[in-house]
Student: 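Let me give you the structure first, and then I'll get to my questions.
We count residues from 1, following the sequence as given.
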Amino acid sequence: MNEAVSPGAKVLVIDDSNTIRRSAEIFLRQGGHEVVLAEDGFDALAKVNDHDPELIFCDILMPRLDGYQTCAIIKRNPRFAKVPVIMLSSKDGLFDKARGRMVGSEDYLTKPFTKEQLLRAVEAFRRAAA
């Protein structure tokens, strides 16, 4: 086995849009990553606990528990405080980026994202964690 190729990351994708979840899942699996999907913040909180993801993509606009609230709850748990959270939004606003940082997110991707953007984000945070 080639030592230079690290195994894929375990990535949690939280989005209330089935289309976005499926796109992210396909792109990430093509990049060799393991993918866990959650359709809202409550679903995500259970899955974070069960699956221990290395990286989380979290939509901002979701029913019941929005992305900011979900990120804040994840980051308050000492077990997951170091897991990078990348916010996903269809708006590319400075306010959204700043608010995401305030609740602990590490980065921000504007939807629709490309396969390259998604995989680049995973690699950047894996290198940072190494």
Student: With side chains defined as the heavy atoms from C-beta onward, is the minimum distance between V35 and L28 less than 4.5 Å?
Tutor: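 Result yes, sub-4.5 Å side-chain heavy-atom pair found.
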
Student: Measuring only between side-chain heavy atoms, which start at C-beta, is F27 closer than 4.5 Å to F113?
Tutor: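 F27 reaches F113 side chain to side chain.
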
Student: Can you tell if the side chain of I14 reaches within under 4.5 Å of the side chain of M62, non-hydrogen atoms only?
Tutor: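 Yes - at least one pair of side-chain heavy atoms lies under 4.5 Å apart.
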
Student: If every non-hydrogen atom of D40 is compared with every non-hydrogen atom of R64, which pair is closest and at what distance?
Tutor: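 So the two residues come closest at OD2-NH2, 2.9 Å.
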
Student: Identify the two heavy atoms, one from P63 and one from D16, that lie closest to each other, and give their separation to 0.1 Å.
Tutor: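 P63 and D16 have their closest heavy atoms at CD-OD2, 3.5 Å.
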
Student: Does a side-chain heavy-atom distance below 4.5 Å link L109 with L118?
Tutor: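 They are in side-chain contact.
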
Student: Decide, yes or no, whether a salt bridge links R21 with D15 under the criterion of side-chain N to carboxylate O below 4.0 Å.
Tutor: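 Result for this pair is no, no salt bridge flagged.
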
Student: Looking only at non-hydrogen atoms, find the nearest pair between I56 and P53 and report the distance.
Tutor: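 Looking at all heavy atoms of both residues, the closest pair is CG1-CG, 3.9 Å.
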
Student: Of all the heavy-atom pairs spanning V122 and A9, show the shortest one and how long it is.
Tutor: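 So the two residues come closest at CG1-CB, 4.1 Å.
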
Student: Quick check: closest heavy atoms across K47 and L12, and the distance to 0.1 Å?
Tutor: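 Where K47 meets L12 most closely, the heavy atoms are CB-CD1, 4.3 Å.
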
Student: Is there a donor-acceptor pair closer than 3.5 Å between any side-chain N or O of E123 and the backbone N or O of R120?
Tutor: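 Checked: no pair found.
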
Student: Side chains of F42 and T70: closer than 4.5 Å at any heavy-atom pair?
Tutor: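 Not touching, per the 4.5 Å side-chain cut-off.
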
Student: With D52, which of K82, R79, K10 fulfils salt bridge (Lys or Arg N to Asp or Glu O under 4.0 Å)?
Tutor: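 Looking at K82, R79, K10, the match for D52 under the salt bridge (Lys or Arg N to Asp or Glu O under 4.0 Å) is R79.
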
Student: Using a 3.5 Å distance criterion without hydrogens, assess whether the side chain of K115 forms a donor-acceptor pair with backbone atoms of A24.
Tutor: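 Checked: no pair found.
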
Student: For I60, run the side chain to side chain contact (heavy atoms under 4.5 Å, CB included) check against K91, R99, K111, M87 and tell me which one passes.
Tutor: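 Output: one option passes, namely M87.
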
Student: I'd like to know if E25 pairs up with R29 as an ion pair, taking the criterion as any Lys NZ or Arg NE/NH1/NH2 lying under 4.0 Å from an Asp or Glu carboxylate oxygen.
Tutor: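 Yes, this pair counts.
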
Student: Heavy atoms only: give me the nearest V85-C58 pair and the separation to one decimal.
Tutor: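 Here V85 and C58 meet closest at CG1-CB, 4.1 Å.
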
Student: With heavy-atom distances below 4.5 Å as the criterion, would you say the side chains of L45 and L65 are in contact?
Tutor: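 In short, these two side chains touch, coming nearer than 4.5 Å.
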
